[in-house]
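Reminder, nothing fancy here: chain letters follow the sequence lines and each chain counts from 1.
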Number of protein chains: 2
Amino acid sequence: MDVTTADGPAARFDAFAASCPSRRLLDTIGDKWASLVIVALGLGGRMRYSELSARIAGVSQKMLTQTLRGLERDGLLTRAVTPSVPVRVDYELTPLGQSLLETICRLKEWAEVHMPEVDAARAAYDRNHA
Amino acid sequence: MDVTTADGPAARFDAFAASCPSRRLLDTIGDKWASLVIVALGLGGRMRYSELSARIAGVSQKMLTQTLRGLERDGLLTRAVTPSVPVRVDYELTPLGQSLLETICRLKEWAEVHMPEVDAARAAYDRNHA
DNA sequence: CGGGATCCATTTCGATACTG
DNA sequence: CAGTATCGAAATGGATCCCG
């Protein structure tokens, strides 16, 4: 879907374009691992790669590295390399990352309050559409 | 990733399990189209399938239908079929769906405030990692 | 009009092996 | 220790055809 094209039929997408800030934010925190990394760092403060890997058990090296790179690029966390032997790398939320953490926590609150309703709705739906 | 299994190695995932309410919420609103549907219905009130399809230009039948079914199942919107010829189907947010809309709007506010910082961080990162 | 069913291209992601 | 590189399985999503 080439919505980045300025002209042509795609121009009608505007308000719902992928370049819309809120959509791009959802692309970030909607990611399976990104939000977990942010929450982990929010709880644990400064953490090493291996600590994150253990905390977020189930994530592959590839995904963890990829996620960390993305979040670093977005300025949500910092990556500090200590050139010892063996190498030591620490990750930590930036102030920007911490403000996002707060936003995610508000999301979490909605979830805790309303997910039971969602579950009930699902159960009812599944019962009627057996 | 079989995190739903109660026992075995997967049991260590607990706090970060996919069954956690906040994670399941992210699975919903993190979806490419679900949030757009919610916002569209929030702005437009009751809408027909074809209206949604036009408003969220770029979505395929398959994805729109699939998204609507999912949101209906979650109790976030209602689906009303008028058995005329041709058929008419209207979708509308439930109160639960509207409360989620508010949550999404708060996300949107974070995005509007902070995405410029994210963009700046990206530009800086890309400059240093050419 | 509002989809359901199917096929196929793309993307995503985990497992594995290797490196400074 | 903290990655990078590569490969193949699997999920995702769009296009197309069909129907009530």
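Side-chain atoms of A:Arg48 lie closest to D:dC1 of the nucleotides D:dC1, C:dG2, D:dG3. Side-chain atoms of B:Val89 lie closest to C:dG2 of the nucleotides D:dG3, C:dG14, C:dG2. For A:Lys62, taking side-chain heavy atoms from C-beta onward, the closest of the listed nucleotides C:dG14, D:dG14, C:dG3 is C:dG14. Considering only the side chain of A:Tyr49, D:dA2 comes nearest among C:dA17, D:dC17, D:dA2.
Here the C1' atom of nucleotide D:dA11 and the CD atom of B:Gln66 are 11 Å apart, to the nearest Å. Between the P atom of C:dG14 and the CG atom of A:Leu64 lies a distance of 11 Å, rounded to the nearest Å. Put simply, CD1 on A:Ile56 is 12 Å from P on C:dG14, counting in whole angstrom units.
Residue B:Arg79 has no polar side-chain atom (N or O) positioned under 4.0 Å from OP1 or OP2 of C:dG2. Considering only side-chain N and O atoms, A:Ser60 lies nowhere under 4.0 angstrom from the phosphate OP1 or OP2 of C:dC13. Checking the phosphate oxygens (OP1, OP2) of C:dG2, a side-chain nitrogen or oxygen of B:Ser50 falls inside 4.0 Å. Proximity of A:Arg69 to the phosphate of D:dT4: a side-chain N or O atom is located under 4.0 Å from OP1 or OP2.
Looking only at side-chain heavy atoms (C-beta outward), A:Asp119 and B:Arg24 come within less than 4.5 Å of each other.
Toward the 5' end of DNA chain C, the nearer of the two residues A:Gln61 and A:Asp31, judged by each one's closest nucleotide, is A:Asp31. Along DNA chain C, the nucleotide nearest A:Pro86 and the nucleotide nearest A:Met63 are compared for position; the residue whose nucleotide lies closer to the 5' end is A:Met63.
The two atoms that bring B:Thr82 and B:Val87 nearest to each other are O-CG1, 3.7 Å, heavy atoms only.
We find that B:Glu51 and B:Arg55 are not joined by a salt bridge, their nearest charged nitrogen and carboxylate oxygen being 4.0 Å or further apart. Under the 4.0 Å criterion applied to side-chain N and carboxylate O atoms, A:Asp126 and B:Arg73 are assigned as salt-bridge partners.
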